[in-house]
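To start, the structure under review is shown below, and the notes come after it.
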Amino acid sequence: MENENFVFPPSSMIFNGNNGFSARPVTDTKEDILKEHNDLVHPNIPGWFSEYCPVWPGQTHFLKVEKILFQGKSKFQSMMVFQSSAYGKVFVLDGALQLTEKDECSYQEMMTHLPLCSIPNPKKVLLIGGGDGGILREISRHSSVEQIDICEIDTMLIDVYKEFFPDIAVGYKDSRVTVHIVDGTVFLSSVPRGTYDAIIVDCFDPIRPDHEVFESPFFELVSRALRPGGVICIQAESIWFRSLHIEELFIKCRQTFKGSVDYAWTIVPAYPSGVIGFLLCSTEGPYIDFRNPINPIGPEGRYGVAKEPLKFYNSEVHSAAFCLPSFVKVIDTRTESS
């Protein structure tokens with residue numbers, strides 16, 4: 001089968017001479033891929049960016065490109081920034097859309113405030129990944145926080161965000177922030193037991209029960225670094241993915257963290273399926289009810305280094321995020337107190 005518009009996965013960028021988008025090489029031949037995925041052919045539309053995800057066969061999401069602002073490659077990954085017609089500036093990493101100016105607030109605010117508003121007076125917070133600085137910006141709204149550490153391996157990524165997304169990377173301007181250019185697992189290995197009140201992980205592919213991280217010491221190291229009743233938040237797939245089995249995910253996480261486990265979701269229009277989930281876990285200790293925030297943050301004031309008030313998160317949205325559709329089977333953790 002031959003088609004000049006074919007796009008090799010895992011690239012999510014269409015071949016486009018006008019824009020210079022390129023695909024990452026893979027070892028499989030075109031014929032091999034077509035046998036496995038018979039619907040990976042989509043039209044080449046000049047002037048449009050396309051993110052195609054192999055786990056979402058038969059569909060793709062296009063964004064019209066007004067202007068490419070940056071293309072480059074660090075020793076770790078390739079990056080691109082472009083101005084879109086509908087979503088503002090867009091950041092692309094290794095061909096995959098990472099964030100857009102239009103809807104980044106729904107992801108950054110929820111990933112930060114779901115855990116931090118669920119515990120009283122968080123003081124020490126670790127962010128693993130999240131090099132764009134948006135979660136740092138949101139952590140800075142919490143006046144009780146005294147120490148913010150971030151682990152990011154790619155300094156070029158940080159610099160690109162600071163140049164092209166200053167309202168997001170503004171989080172780096174918080175004096176409480178210390179940047180550690182190191183792999184998160186390596187950093188955790190040196191952290192004293194019980195150091196952090198909260199750890200936010202924004203560096204893996206969306207977590208699911210069969211994710212390789214469960215076979216590594218990562219979660220054990222996170223649990224060790226958290227104080228009793230400390231919390232972790234990590235992105236956890238979309239409820240529309242067939243690979244997401246929340247019950248199995250809960251069982252695996254309870255085996256490690258020994259406390260509460262819950263699942264929330266938010267709307268991110270630019271992401272595949274338009275939603276993304278969050279897995280929240282607490283270590284053994286004071287019971288954490290993630291569904292009812294005890295450390296509320298209002299829309300006015302408490303800006304930290306942010307230039308604007310909250311756009312998406314509020315206490316009502318917090319609680320509603322744990323309400324799941326009927327087709328999603330989930331374990332109710334609210335009655336499981338320590």
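As a basis for the values below, the full set of heavy atoms in this structure was taken, side chains included, without hydrogen atoms, waters or symmetry mates.
- Applying the side chain to side chain donor-acceptor pair (under 3.5 Å) rule to D154 yields the partners S74, Q77; only residues at least two apart in sequence or on another chain are considered.
- With rounding to the nearest 0.5 angstrom, the SG atom of C233 is 12.0 Å from the CD1 atom of I199.
- Using modelled atom types, no side-chain atom of S315 and backbone atom of P296 make a donor-acceptor pair closer than 3.5 Å.
- Between the side chain of Y271 and the backbone N or O of Q98 there is at least one donor-acceptor pair closer than 3.5 Å.
- No side-chain heavy atom of W240 sits less than 4.5 Å from a side-chain heavy atom of P272.
- Between atom CG of residue L114 and atom OG1 of residue T266 there is a gap of 8.0 Å, rounded to the nearest 0.5 Å.
- Using a 4.5 Å heavy-atom cutoff, the side chains of E109 and V317 are not in contact.
- Residues S260 and D289 have side chains not in contact (no heavy-atom distance under 4.5 Å, counting atoms from C-beta outward).
- Residue I267 qualifies as open at atom CD1: its count of foreign heavy atoms under 6.0 Å is 12 or below.
- Under a 3.5 Å cut-off, the side chain of N295 and the backbone N or O of L116 do form a donor-acceptor pair.
- Considering all non-hydrogen atoms of both residues, S238 and S273 come closest at OG-OG, 2.8 Å.
- T283 contributes no side-chain N or O that, together with a main-chain N or O of S223, makes up a donor-acceptor pair within less than 3.5 Å.
- A continuous path of hydrophobic side-chain contacts links I158 to V92 [ILVMFWY only; heavy atoms under 4.5 Å].
- Atoms OH and CD, from Y172 and E152 in turn, are 6.0 Å apart once rounded to the nearest 0.5 Å.
- Ring orientation note: the planes of Y87 and H61 are nearly perpendicular, at an angle over 60° on the 30°/60° scale.
- Listed here is the closest heavy atom pair of V305 and G171: CG2-CA, 3.9 Å.
- Side-chain contact check for T185 versus S216: every heavy-atom pair is 4.5 Å or farther apart.
- Closest heavy-atom contact between T195 and K124: O-CD, 3.3 Å.
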**OP:** Let me see the working for K64 and I45 under side chain to side chain contact (heavy atoms under 4.5 Å, CB included), right down to the final yes or no.
**Re:** CA-CA 9 Å; K64 186 175 183 180; I45 305 178; over 6 Å; no
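- Listed for the W265 side chain is a donor-acceptor partner under 3.5 Å among the backbone atoms of C323.
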Subject >> H318 vs S118, side chain to side chain contact (heavy atoms under 4.5 Å, CB included): CA-CA, chis, key distance, verdict >> reply: CA-CA 10 Å; H318 180 124; S118 296; 3.5 Å; yes
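- Put simply, the side chain of H180 never gets that close to the backbone of V182: no donor and acceptor are under 3.5 Å apart.
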**OP:** List the steps and the verdict of side chain to side chain contact (heavy atoms under 4.5 Å, CB included) for L279 and C253.
**Re:** CA-CA 9 Å; L279 183 70; C253 287; 3.2 Å; yes
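- V160 and V170 are assigned to two separate hydrophobic clusters, defined by single-linkage of ILVMFWY side chains at heavy-atom distances under 4.5 Å.
- For the side-chain contact (heavy atoms from CB on, under 4.5 Å) with D197, the lone residue among L226, V125, I119 that qualifies is I119.
- For the residue pair H142 and R176, the shortest heavy atom distance occurs at O-NH1, 3.0 Å.
- Applying the side chain to side chain donor-acceptor pair (under 3.5 Å) rule to Q147 yields the partners D149; only residues at least two apart in sequence or on another chain are considered.
- The shortest side-chain heavy-atom distance between I128 and L188 falls under the 4.5 Å cut-off.
- Side-chain contact annotation: S106 with D103, donor-acceptor N/O pair under 3.5 Å absent.
- A cation-pi geometry, defined here as NZ or CZ lying under 6.0 Å from the six-membered ring centre and within 45° of its normal, does not hold between K89 and F164.
- Looking only at distances, a side-chain donor or acceptor of S190 sits under 3.5 Å from a matching main-chain atom of F187.
- Here the shortest heavy-atom pairing between L280 and P115 reads CD2-N, 3.7 Å.
- Aromatic ring centres of F312 and Y107: separated by at least 6.0 Å.
- Counting only distance, with no hydrogens or angles, the side chain of R141 and the backbone of I297 share no donor-acceptor pair below 3.5 Å.
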Original post:
Can you check side chain to side chain contact (heavy atoms under 4.5 Å, CB included) on V222 and F257, steps first, answer last?
Top reply: CA-CA 9 Å; V222 168; F257 294 101; 3.9 Å; yes
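- In this structure, F91 and F165 have perpendicular ring planes: the angle between them is above 60°, well past the 30° mark.
- At distances below 3.5 Å, at least one donor-acceptor pair connects side-chain atoms of S319 with backbone N or O atoms of R291.
- When all heavy atoms are compared, the tightest approach of V261 to F250 is CG1-CD1, 3.5 Å.
- Taking CD1 from I150 and CD1 from I181, the interatomic distance works out to 8.0 Å, rounded to the nearest 0.5 Å.
- At least one donor-acceptor pair closer than 3.5 Å links the side chain of R224 to the backbone N or O of V191.
- Atom CZ of F290 sits about 6.5 Å away from atom SG of C281, to the nearest 0.5 Å.
- Residues E66 and S85 have side chains in contact (heavy-atom distance under 4.5 Å, counting atoms from C-beta outward).
- The cluster map of Ile, Leu, Val, Met, Phe, Trp and Tyr, joined by side-chain heavy atoms under 4.5 Å apart, puts Y287 and I294 in different clusters.
- In the hydrophobic cluster analysis, where Ile, Leu, Val, Met, Phe, Trp and Tyr join through side-chain heavy atoms closer than 4.5 angstrom, F241 is grouped together with Y263.
- Residues satisfying the salt bridge (Lys or Arg N to Asp or Glu O under 4.0 Å) criterion with E308, sequence neighbours excluded, are K311.
- Between Y313 and H113, the ring planes are tilted. Angles from 30° to 60° get that label.
- The shortest side-chain heavy-atom distance between D132 and E104 does not fall under the 4.5 Å cut-off.
- Side-chain atoms of T256 and K252, non-hydrogen and from C-beta on, never get closer than 4.5 Å to each other.
- Both I68 and L63 sit in one connected hydrophobic cluster of ILVMFWY residues. Membership requires side-chain heavy atoms under 4.5 Å apart, directly or through other members.
- Note that OG of S282 is 11.0 Å distant from CD1 of I232, once rounded to the nearest 0.5 Å.
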